S.K.: 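Have a look at this one before I ask anything.
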Amino acid sequence: MSSHTSAAPGTAERPLRIAVIGSGPAGVYAADMLTKSTEVKEGLVVSIDLFDRYPAPYGLIRYGVAPDHPRIKGIVNALYKVLDRGDIRFFGNVDYGTDLALEDLQKHYDAVIFATGAINDADLNIPGIELEGSYGGADFVSWYDGHPDVSREWPLTAKEIAVIGNGNVALDVARVLSKHADDMLVTEIPDNVYQGLKSSPVTDVHIFGRRGPAQVKFTPMELRELSHSRDVDIVLYEEDFDFDEASDNAVKTNNQVKTMVNTLTNWLVEQEDDAADPTTGASRRLHLHFLHNPVEVTGQDGVVTGIKFERTELDGTGNARGTGEFIDYPVQAVYRSVGYFGSALPDVGFDHQRGVVTNEAGRVLDADGTHVPGVYATGWIKRGPVGLIGSTKGDALETITHLLSDRDSLPLATSAAPESIVELLDSRGVKFTSWEGWLELDAHEKALGAAASEAGPVQRERVKVVPREDMVELSRGASVLG
């Protein structure tokens with residue numbers, strides 16, 4: 001355990017040493033805000049090291065967002081600018097709990113901020129959810145994003161697929177499942193993902209939401225993107241368009257809800273204008289269903305053959321209640337996409353109900369509800385998997401504000417020299433990667449994209465490297481931190 005001294009660090013000779021665990025937006029924003037804080041502007045000197053379990057930075061932006069989202073490039077560019085300044089060190093391929101324990105971090109840093117996010121699927125506890133052919137949407141996202149720790153193969157054998165959920169991730173999953181593989185080549189998808197999608201026999205993807213069109217959790221941009229897929233018809237159902245008093249109020253008072261309801265309603269009207277044949281004859285169809293509550297995944301011989309829903313109705317408050325009417329859909333695969341859930345961290349208090357580190361406004365708490373000195377949290381592991389980038393920035397600001405206000409009482413590191421953590425990792429044989437190493441890997445992926453562009457008809461900006469060992473080797477080819 002680190003010792004206490006009366007002298008607070010923060011000078012050029014002894015900077016305030018801070019470790020941030022996680023290099024997604026939450027971690028990078030926290031590090032960036034620390035460097036730009038009023039305290040730093042007034043003379044406080046900070047030294048920040050950013051750790052990630054993956055060899056590459058950017059966290060959920062690299063491994064949790066659909067590759068056909070052009071706006072994500074803007075977020076990556078913003079994170080790149082922060083890390084490329086040179087005042088924040090990046091240590092990739094370092095797994096907290098395996099390569100470093102909390103005790104190690106407390107020995108080398110005055111404060112630790114956990115920004116590990118949430119990568120696992122929230123549970124959907126209905127009968128049959130464990131059948132073969134039933135998957136977590138987050139797991140599928142990890143596969144098509146080339147996550148280094150998941151299988152390179154994915155069983156895309158179903159013609160009819162159910163996606164349960166009405167959030168952005170559910171739409172991502174459904175869009176990628178229904179999109180033609182050739183139209184994904186302009187993205188950074190790895191070759192194994194392209195080949196897997198290319199072999200898919202899918203004809204129909206059904207998205208199911210428990211409430212009505214005015215209660216969906218996705219955003220207008222995500223919704224509009226559904227209509228951009230080539231040779232994919234969107235199919236809507238008039239009986240799903242129910243609006244109660246709360247729905248009407250939301251449409252009147254919330255521009256985002258109004259935009260989405262208008263988009264959905266316009267699609268329905270256009271479809272009904274050609275009632276004889278509401279589709280264009282596309283080879284694939286994307287069905288949007290509302291007012292469906294999943295009650296059972298059905299199967300035969302341990303394999304998914306369908307899914308049963310209870311029809312719901314709105315109760316006036318925007319919530320849904322069962323009607324007692326049930327309907328079955330024949331599908332050969334089910335993807336649950338009802339949210340992410342955080343994972344417990346060794347030696348850190350955890351709320352297993354909410355999937356977050358036990359904390360109060362970013363200060364991590366012990367079993368007695370007392371703040372653990374020098375330990376903080378930010379991002380989804382702090383507040384749960386809700387909110388967009390704006391929420392993450394506000395979240396980080398709250399956490400670093402508390403950290404800085406606590407700085408005179410932090411338990412000071414006993415091995416605060418910047419090189420000491422490098423020596424520790426080297427002594428344990430940890431093949432950590434650096435920012436310079438990421439720039440090498442980044443250039444390599446772009447070169448793969450250029451080569452693929454020359455060999456084929458589609459311009460590819462990059463091709464993502466998947467195997468962890470290849471990522472590490474390419475990154476370690478650059479000069480590592482010393």
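When reading the values below, keep in mind they use all heavy atoms of this one structure, side chains included, and skip hydrogens, waters and symmetry mates. The first residue of the sequence shown is numbered 1, and numbering continues consecutively from there. In this text the structure is predicted, and so the values were computed from the model without any measurement.
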S.K.: Would you call the rings of Y54 and H147 parallel, tilted or perpendicular if under 30° counts as parallel and over 60° as perpendicular?
M.R.: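 Ring orientation of Y54 relative to H147: perpendicular.
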S.K.: Spell out, as yes or no, whether a donor-acceptor pair under 3.5 Å connects the side chain of D49 to the backbone of F91.
M.R.: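 Pair absent, no side-chain N/O of D49 close to backbone of F91.
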S.K.: Using a cut-off of 6.0 Å, state whether more than 12 heavy atoms not belonging to E239 lie near its atom CD.
M.R.: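 Count over threshold, so yes.
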S.K.: Which heavy-atom pair separates A118 from Y340 by the least distance, and what is that distance?
M.R.: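 For A118 and Y340, the tightest heavy-atom pair comes out as O-CD2, 3.3 Å.
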S.K.: I'd like to know if R460 and D191 make a salt bridge, using a cut-off of under 4.0 Å between side-chain N and carboxylate O.
M.R.: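 Looking at R460 and D191, the cut-off is met.
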S.K.: Between Y376 and H371, is the ring pair (Phe, Tyr, Trp, His ring centres under 6.0 Å) condition met? List the steps.
M.R.: CA-CA 9 Å; Y376 303 84; H371 177 213; 5.2 Å; yes
S.K.: Looking at E130, I want to see if its CD is surrounded by more than 12 non-hydrogen atoms of other residues, nucleotides or ligands under 6.0 Å.
M.R.: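 Yes, CD of E130 has more than 12 neighbouring heavy atoms, counting only those of other groups under 6.0 Å.
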S.K.: So if I apply the side-chain contact (heavy atoms from CB on, under 4.5 Å) rule between L131 and each of V303, V304, D301, which one comes out positive?
M.R.: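 Exactly one option meets the side-chain contact (heavy atoms from CB on, under 4.5 Å) with L131, and it is V304.
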S.K.: Just do the side-chain contact (heavy atoms from CB on, under 4.5 Å) check on Y96 and L345 with the steps written out, would you?
M.R.: CA-CA 8 Å; Y96 171 77; L345 299 168; 4.0 Å; yes
S.K.: Any donor-acceptor pair under 3.5 Å linking the side chain of D123 with the backbone of N125?
M.R.: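 Such a contact is absent between D123 side chain and N125 backbone.
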S.K.: Is there a donor in the side chain of T35 and an acceptor in the side chain of R85, or the other way round, less than 3.5 Å apart?
M.R.: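 A donor-acceptor contact under 3.5 Å links the two side chains.
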S.K.: Is a side-chain N or O of D145 found less than 3.5 angstrom from the main chain of V65, in a donor-acceptor match?
M.R.: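 Such a contact is found between D145 side chain and V65 backbone.
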S.K.: Would the distance check show the side chain of E445 and the main-chain N or O of K464 forming a donor-acceptor pair, the cut-off being under 3.5 Å?
M.R.: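 Such a contact is absent between E445 side chain and K464 backbone.
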S.K.: Determine, stepwise, if the pair T219 / Q256 fulfils side chain to side chain donor-acceptor pair (under 3.5 Å).
M.R.: CA-CA 7 Å; T219 52; Q256 179 165 301; 5.9 Å; no
S.K.: Is a side-chain donor or acceptor of E461 paired with a backbone partner of E188 at a separation under 3.5 angstrom?
M.R.: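 No: the side chain of E461 does not pair with the backbone of E188.
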S.K.: Parallel under 30°, tilted from 30 to 60°, perpendicular over 60°: which one fits the rings of H289 and H287?
M.R.: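 Parallel.
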S.K.: Check step by step if side-chain contact (heavy atoms from CB on, under 4.5 Å) holds for Y29 and T378.
M.R.: CA-CA 10 Å; Y29 290 147; T378 191; over 6 Å; no
S.K.: When you measure from the side chain of R383 to the backbone of V386, do you find a donor-acceptor pair of N or O atoms at a distance under 3.5 Å?
M.R.: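 Checked: pair present.
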S.K.: For D240, is there an ion pair with R311 - N to carboxylate O distance below 4.0 angstrom?
M.R.: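 Yes, this pair counts.
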S.K.: Counting distance only, does the side-chain N/O of W143 pair as donor-acceptor with the main-chain N or O of R152 below 3.5 Å?
M.R.: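 Indeed, once roles are kept as given, a pair shorter than 3.5 Å links the two residues.
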S.K.: Could you walk me through whether V173 and I207 satisfy the side-chain contact (heavy atoms from CB on, under 4.5 Å) test, starting with their C-alpha distance in whole Å, then the side-chain angles of each, then the deciding distance to 0.1 Å, before giving a yes or no?
M.R.: CA-CA 10 Å; V173 167; I207 307 173; over 6 Å; no
S.K.: Using modelled atom types and a 3.5 Å cut-off, is there a donor and acceptor pairing between side-chain atoms of N262 and backbone atoms of K258?
M.R.: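 Yes, because the side chain of N262 sits within donor-acceptor range (under 3.5 Å) of the backbone of K258.
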S.K.: Ignoring hydrogens and angles, tell me if any N or O in the side chain of D231 forms a donor-acceptor pair with the backbone of S283 under 3.5 Å.
M.R.: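 Yes: the side chain of D231 pairs with the backbone of S283.
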S.K.: Salt-bridge test for D248 and K252: reply yes if a basic N is under 4.0 Å from a carboxylate O, no otherwise.
M.R.: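 No salt bridge links D248 with K252.
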S.K.: Identify whether the distance between the nearest side-chain nitrogen and carboxylate oxygen of D182 and R230 falls below 4.0 Å.
M.R.: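 The answer is no: the pair does not qualify as a salt bridge.
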S.K.: Using a strict 4.0 Å threshold on nitrogen-to-oxygen distance, state whether E398 and K382 make a salt bridge.
M.R.: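 Yes, E398 and K382 are salt-bridged.
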S.K.: Taking all atoms of both residues into account, what is the closest heavy-atom pair of I234 and L288, and its distance?
M.R.: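 Answer, listing the atom of I234 first, then L288: CG2-CD1, 4.1 Å.
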S.K.: Are side-chain N/O atoms of E225 and H69 paired as donor and acceptor at under 3.5 Å?
M.R.: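 Side chains of E225 and H69: pair found under 3.5 Å.
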S.K.: Using the rule given for side-chain contact (heavy atoms from CB on, under 4.5 Å), can you reason through V141 versus Y335, listing the C-alpha separation, both sets of side-chain angles and the distance that settles it, and then say yes or no?
M.R.: CA-CA 11 Å; V141 172; Y335 289 75; over 6 Å; no
S.K.: Does a donor on one side chain and an acceptor on the other come within less than 3.5 Å for N319 and T317?
M.R.: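 Present: a donor and an acceptor within the cut-off.
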S.K.: Determine whether a donor-acceptor pair (N or O, by modelled atom type, separation under 3.5 Å) exists between the side chain of T203 and the backbone of K159.
M.R.: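 Yes; judged by distance alone, with no hydrogens or angles, the pair exists.
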S.K.: So, N293 versus T312: side-chain donor-acceptor pair below 3.5 Å or not?
M.R.: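 Not at all, the side chains of N293 and T312 share no donor-acceptor pair under 3.5 Å.
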S.K.: Can you name the closest pair of heavy atoms from G97 and P346 and give their distance?
M.R.: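 Shortest heavy-atom contact: CA-CG, 3.9 Å.
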S.K.: If you compare all heavy atoms of A31 against all heavy atoms of V20, which two are closest, and at what distance to 0.1 Å?
M.R.: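 Smallest interatomic distance, heavy atoms only, reads CB-CG2, 4.5 Å.
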S.K.: When the aromatic ring centroids of Y329 and H292 are compared, is their separation below 6.0 Å?
M.R.: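 Yes, the ring centres sit under 6.0 Å apart.
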S.K.: How far apart are the C-alpha atoms of T433 and N93, what are their side-chain angles, what is the distance that settles it, and do they pass the side chain to side chain donor-acceptor pair (under 3.5 Å) test?
M.R.: CA-CA 6 Å; T433 62; N93 202 42; over 6 Å; no
S.K.: For the rings on W438 and Y80, is their centre-to-centre separation under 6.0 Å?
M.R.: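 No; Y80 has its ring centre 6.0 Å or more from that of W438.
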